[in-house]
Amino acid sequence: QVQLVESGGGLVQAGGSLRLSCAASGRTFSTTAMGWFRQAPGKERQFVAAINWNGRITNYADSVKGRFTISRDNAKNTVYLQLNSLKPEDTAAYYCGEARSLAVVRTADEYRYWGQGTQVTVSS
């Protein structure tokens, strides 16, 4: 059984930064792609960023491109999401997921395990 635990969320002013972490346990972390999604109240879960198994390929939603950076440290079984230039519309619960494949994927159906989420709130 895989466990994913997110951390690093919080309340920040517009223009600020946060770094989210997702620690994985229970299997060989380096053999799968990972991704971050977010969900605001009353809205569907939305793709944010994904990274392939070795960290060499990344993919971002247009709304966060140039502001957010996904990375991973396979030695630490951890994937990160650096959030810069935050906007109020970035407010959501952020979830990390483990993909079924090695390659980056953008749809939630392609992910088999999820963390419990960490809340990011950006004030204007």
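The figures here come from the full heavy-atom set of this structure, side chains too, leaving out hydrogens, waters and symmetry mates.
Trp114 carries Arg45 over the face of its six-membered ring, with the cationic atom under 6.0 Å from the centre and within 45° of the normal. Cation-pi geometry between Arg100 and Tyr111 is not satisfied (NZ or CZ under 6.0 Å from the ring centre, within 45° of the ring normal). Remark: Arg19 qualifies as a cation-pi partner of Tyr80 under the 6.0 Å distance and 45° angle criteria applied to the six-membered ring.
Follow the hydrophobic side-chain contacts under 4.5 Å out from Val104 and you never reach Val48; the two are in separate clusters. When the side chains of ILVMFWY residues are joined at heavy-atom separations under 4.5 Å, either directly or via intervening members, Val79 and Val120 end up in a single hydrophobic cluster. Two different hydrophobic clusters hold Phe68 and Phe47 under the rule that ILVMFWY side chains link at heavy-atom gaps under 4.5 Å. In the hydrophobic clustering of this structure, Tyr113 does not group with Val105; members are Ile, Leu, Val, Met, Phe, Trp, Tyr whose side-chain heavy atoms approach within less than 4.5 Å, directly or through other members.
Between Leu4 and Gln116, the shortest heavy-atom distance links the atoms O-OE1, 3.5 Å. Across all their heavy atoms, Thr107 and Phe37 have their closest contact at C-CZ, 3.9 Å. Closest heavy-atom contact between Arg106 and Tyr60: NH1-O, 3.2 Å. Closest of all the heavy-atom pairs between Val122 and Thr91 is N-OG1, 2.9 Å. Taking every heavy atom of both residues into account, Ile51 and Ser71 meet most closely at CD1-CA, 3.6 Å. Closest non-hydrogen pair, Ser17 versus Gln82, comes out as CB-NE2, 4.0 Å.
For the atom pair CG of Asp90 and CZ of Arg38, the computed distance is 4.5 Å after rounding to the nearest 0.5 Å. Rounding to the nearest 0.5 Å gives a distance of 5.0 Å between OG of Ser63 and CD of Gln46. Here CD of Glu44 is found 8.5 Å from CD of Gln39. Values are rounded to the nearest 0.5 Å. Atom-to-atom distance recorded for Thr58:OG1 and Met34:CE is 15.0 Å, nearest 0.5 angstrom. Atom OG1 in Thr32 sits 10.5 Å away from atom CG in Asn52 (nearest 0.5 Å). Rounded to the nearest 0.5 angstrom, Leu83 CG and Leu81 CG are separated by 4.5 Å.
Between Leu86 and Leu18 the shortest side-chain heavy-atom distance falls below 4.5 Å. Side-chain contact check for Ser101 versus Trp53: every heavy-atom pair is 4.5 Å or farther apart.
Within 6.0 Å of CD in Gln3 there are 12 or fewer heavy atoms belonging to other residues, nucleotides or ligands.
Taking Ile, Leu, Val, Met, Phe, Trp and Tyr as hydrophobic and joining them when side-chain heavy atoms fall under 4.5 Å apart, one finds Val5 isolated, its cluster having no other members.
At distances below 3.5 Å, at least one donor-acceptor pair connects side-chain atoms of Glu6 with backbone N or O atoms of Gly117.
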Legend entry - Step-by-step salt bridge (Lys or Arg N to Asp or Glu O under 4.0 Å) determination, Lys65 to Asp62: CA-CA 5 Å; Lys65 202 171 293 184; Asp62 288 345; 3.2 Å; yes
